[in-house]
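First the proteins, then the strands, lettered A, B, ... as listed; each starts at 1.
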Amino acid sequence: MAQPSSKSPANDSRIDFEGELNAEQYSAVTSLEGPHLVIAGAGSGKTRTLVYRVAHLVLQGVHPESILLLTFTRRSAQEMLRRAVGLLDERCHRVSGGTFHSFANITLRRYADRLGYSNSFTIIDRADCVDMIGILRTEGGYERQGRRFPRAETLLNLFSKEINTHRPLEELLEADYGQFVDDLEAIRELRKSYAERKREHNVMDYDDLLVNLRDLLAEHPVARRQLTSTYRYIMIDEYQDTNRLQAHIGALLAASHRNIMVVGDDAQSIYGFRGANFRNIIDFPQIFEGCETLLLEQNYRSTQPILDLSNAVLEKAREKYTKRLFTKLEGDEKPVLLRTTDEYTQAEYICEKVLALREEGVSLQDIAVLCRAAWHTNSLELELNNRNIPFKKFGGIKFVEAAHIKDVCALLKIGVNPLDAAAWFRILQFFEGIGPKTARGLADGVVADGGALGSLVAPKVAKRKYGADLASLKGLLDKISKPRQPLVERLDTTLETYQLWMPKKFDDTPRRVRDLEALAVIAERYSELEEFLTDLAIDPPDFSRPAAVSGADNEDEWMTLSTVHSAKGLEWNTVFLVQMNMGRFPGYNSLQDADDYEEERRLLYVAVTRAKRRLYLIKPEEQKGRGGYFEVAELSPLISEIDRLNQLVDDETYAPAPEEDDWQGDGSTAASADQLKRIQDYFG
DNA sequence: GGGAATGCGTTTTTT
DNA sequence: ACGCATTCCC
């Protein structure tokens with residue numbers, strides 16, 4: 001389809017825009033100048049609209065480089081541009097696209113000096129931030145005399161929320177952590193030293209990327225002029241999940257030319273916990289006067305019964321949303337509300353159903369199991385493994401957050417920079433006999449020696465039970481710290497040694513080794529460690545584990561297990577929604593606050609609108625309660641409060657056939673009883 | 001007595 | 001997988 005890229009005239013007719021889009025989509029695609037707000041319901045062809053608009057802009061003679069497409073994940077940006085290339089031609093690959101964070105990363109490298117950073121700044125992930133705050137917290141002696149002081153993680157949450165929601169620290173403390181109101185001053189102090197420490201180390205966390213980009217645009221007119229003349233057409237996807245800071249950045253980018261189109265769905269805002277506010281959508285016309293608003297309400301994804309349920313989910317919302325979905329798709333299969341005895345029968349049912357669907361010719365690729373929290377599918381994963389049904393899991397603990405991946409990264413960091421105290425602190429505790437205190441001492445020793453490793457094998461240390469481990473650590477670091485080694489070579493050497501250490505520490509070494517192999521594959525694309533780590537932080541691989549089980553023949557066919565959050569924007573023929581119980585979905589912790597509860601409702605809306613033809617809401621009648629033992633579970637209030645529920649879903653119960661007792665009545669029972677008695681007589 | 005290991009209970013969601 | 005509390009070891 002990609003044709004030799006001869007310059008096409010503006011009236012190129014290879015694409016029949018009018019025929020391939022509905023009236024609203026067409027209008028969004030062909031409006032060029034000025035501010036536009038597109039409110040696009042679930043499955044209304046939002047992505048299609050953006051893809052066609054990119055193609056249309058390019059056909060109109062707009063330079064691809066001057067189009068900026070900001071999306072929620074880098075993957076969705078790539079996917080859109082890939083589709084635009086398919087629709088038009090290679091020029092669409094030159095469109096600038098990515099997440100706010102990746103765009104900030106690229107931009108800030110160019111302007112780092114104006115903000116007082118060097119352009120080789122590194123990006124630290126959440127765990128690194130927590131470590132850094134933890135160290136400052138100890139250093140500052142904040143935890144005096146048994147007085148409770150917020151944990152490092154709590155502090156990070158506070159700082160981050162303050163930045164992303166633009167609410168003062170004081171107010172946040174009062175709202176969520178009343179017990180620490182007295183510590184306000186100390187917390188402010190710590191916030192300041194955290195900011196300073198990051199500057200000293202030339203690192204930025206996720207929030208710094210956004211704050212610095214905003215400051216660059218707001219306070220450096222020259223940079224702003226350069227950027228706004230480079231990016232002439234701004235498009236922002238998933239606008240309902242942007243926070244105040246991101247909205248500000250978007251507005252500043254479009255300040256001079258006002259060519260900005262934001263696309264989103266207020267009913268699908270599910271990142272409030274991260275500071276996102278769907279009011280950004282509602283308020284957009286206030287910021288950009290004369291903004292044209294377009295509404296995409298026709299759904300091209302789901303059958304009417306699924307949409308009926310989706311609309312019903314929103315009906316009880318405290319706040320009305322801007323639209324209501326309809327479809328022309330045929331189909332009369334109602335969603336099923338399926339009751340199983342417990343979590344295990346839930347897993348069993350899904351497996352049986354999946355196998356049956358596969359018999360009918362439904363590919364595993366068309367099936368997804370969605371959950372509120374990643375651990376909700378734990379027992380299902382076991383059952384799928386038992387039955388050799390291949391799956392991939394998305395969401396939850398990420399690949400890059402796993403202990404073994406972090407260990408290897410720490411080793412690589414030290415190889416390149418032996419003064420990286422945080423990396424030392426981490427890797428030293430890998431070894432038996434070394435805890436926080438010893439690690440601290442050893443790390444300080446190396447840093448004090450200017451990065452020389454001699455202190456690791458000093459006689460005093462060598463005598464300890466971890467002496468040999470440290471010698472082996474030094475051996476590895478000596479090898480990988482030689483300059484001018486390609487990253488892959490350093491990584492290979494590291495993995496070789498690390499794998500020898502693993503069995504002493506982990507029960508499941510083989511699985512972890514597979515993760516490390518995946519890491520090695522990713523690393524092949526990079527030559528610089530810094531670049532590799534930056535990309536891992538900004539655009540982490542989003543699967544938690546490589547596809548589980550099964551023969552190599554199945555490797556390209558697997559079903560999806562995913563958190564609802566990670567399922568955003570995706571769709572499947574058949575969707576199972578698990579654990580539809582009070583306490584699970586919604587979780588207990590969202591019952592206190594009405595806003596949190598409303599977000600759970602939108603989350604359920606996102607979940608049900610992922611399904612094209614078949615939807616199963618599964619409700620175990622018992623679940624593990626607080627004591628760890630099974631208790632009767634209530635149906636999720638998000639479901640039970642729906643009016644005329646029984647008209648919208650088929651209410652079914654799954655009763656697995658009881659296991660047949662082959663032994664009964666054939667005489668062998670008696671024989672085995674006799675045998676048991678003899679065994680007991682012998683062994684006592 | 002300091003520091004590490006072990007065991008237990010609990011588990012949002014993520015750039 | 002992690003925090004927290006208790007137990008164990010040097």
Worksheet item: Nearest-Å distance, NZ (A:K505) to P (B:dA4)?
Response: 12 Å
Discussion item. For a quick check of understanding: with a heavy-atom distance under 4.0 Å over all strands, which category does A:F100 fall into, base, sugar-phosphate or nothing?
Written reply: nothing
Discussion item. I want to verify a distance call: between C:dG3, B:dT14, B:dT15, whose nearest atom is closest to the A:R151 side chain?
Written reply: C:dG3
Practice prompt. With heavy atoms under 4.0 Å as the rule, sort A:E599 into base, sugar-phosphate or nothing.
Written response: nothing
Fill in: Of A:L603 and A:A439, the one whose closest DNA chain B nucleotide lies more 5'
A:A439
Worksheet item: Less than 4.0 Å between a side-chain N and a carboxylate O, is that true for A:E381 and A:K393?
Response: yes
Worksheet item: Nearest to the side chain of A:A374, which nucleotide is it out of C:dC4, B:dA5, B:dT13?
Response: B:dT13
Worksheet item: Given C:dG3, B:dT13, B:dT15, which nucleotide is nearest the side-chain atoms of A:H565?
Response: B:dT13
Response to the item:
Contacts of A:R244 meeting salt bridge (Lys or Arg N to Asp or Glu O under 4.0 Å) (sequence neighbours excluded), chain-then-number -> none
Item to complete: Quickly work out the A:L108 CG to B:dT15 C1' distance and round it to whole Å.
Response: 15 Å
Fill in: Atom-to-atom span, CZ of A:R440 to P of B:dA4 - whole angstrom
13 Å
Discussion item. How many whole angstroms separate atom CG of A:D515 from atom C1' of C:dA1?
Written reply: 14 Å
Worksheet entry | Partner residues of A:E401 under the salt bridge (Lys or Arg N to Asp or Glu O under 4.0 Å) criterion, sequence neighbours left out | A:K398
Worksheet, complete the sentence: Of B:dT13, C:dA1, B:dA4, the nucleotide closest to the side chain of A:R512 is C:dA1
Worksheet item: When you check the side-chain N and O atoms of A:Y526 and A:D535, is any donor under 3.5 Å from an acceptor?
Response: yes
Worksheet entry | A:Y271 ring center near A:F72 ring center (under 6.0 Å) | yes
Worksheet item: Can you tell which of C:dA1, B:dA4, B:dT13 lies closest to the side chain of A:T438?
Response: B:dA4
Practice prompt. Tell me which nucleotide among B:dT15, B:dT13, B:dA4 gets nearest to the side chain of A:K437.
Written response: B:dA4
Worksheet item: Rounded to whole angstroms, how far apart are CG on A:L428 and P on B:dG3?
Response: 16 Å
Worksheet, complete the sentence: Per nearest nucleotide of DNA chain C, the residue lying toward the 5' end, A:F506 or A:K465, is A:F506
Worksheet item: Under 4.0 Å between a side-chain N/O of A:S102 and OP1 or OP2 of B:dT15, yes or no?
Response: no
Practice prompt. Mind calculating the distance between OH (A:Y466) and P (C:dC10) to the nearest angstrom?
Written response: 13 Å
Worksheet item: What's the CD-C1' distance between A:Q579 and B:dT13, to the nearest Å?
Response: 16 Å
Response to the item:
Quick note, A:F273 side chain, CB onward, closest among B:dT15, B:dT13, C:dC4 is B:dT13
Response to the item:
Rounded to whole Å, the CZ-P distance (A:R126 to C:dC2) equals 12 Å
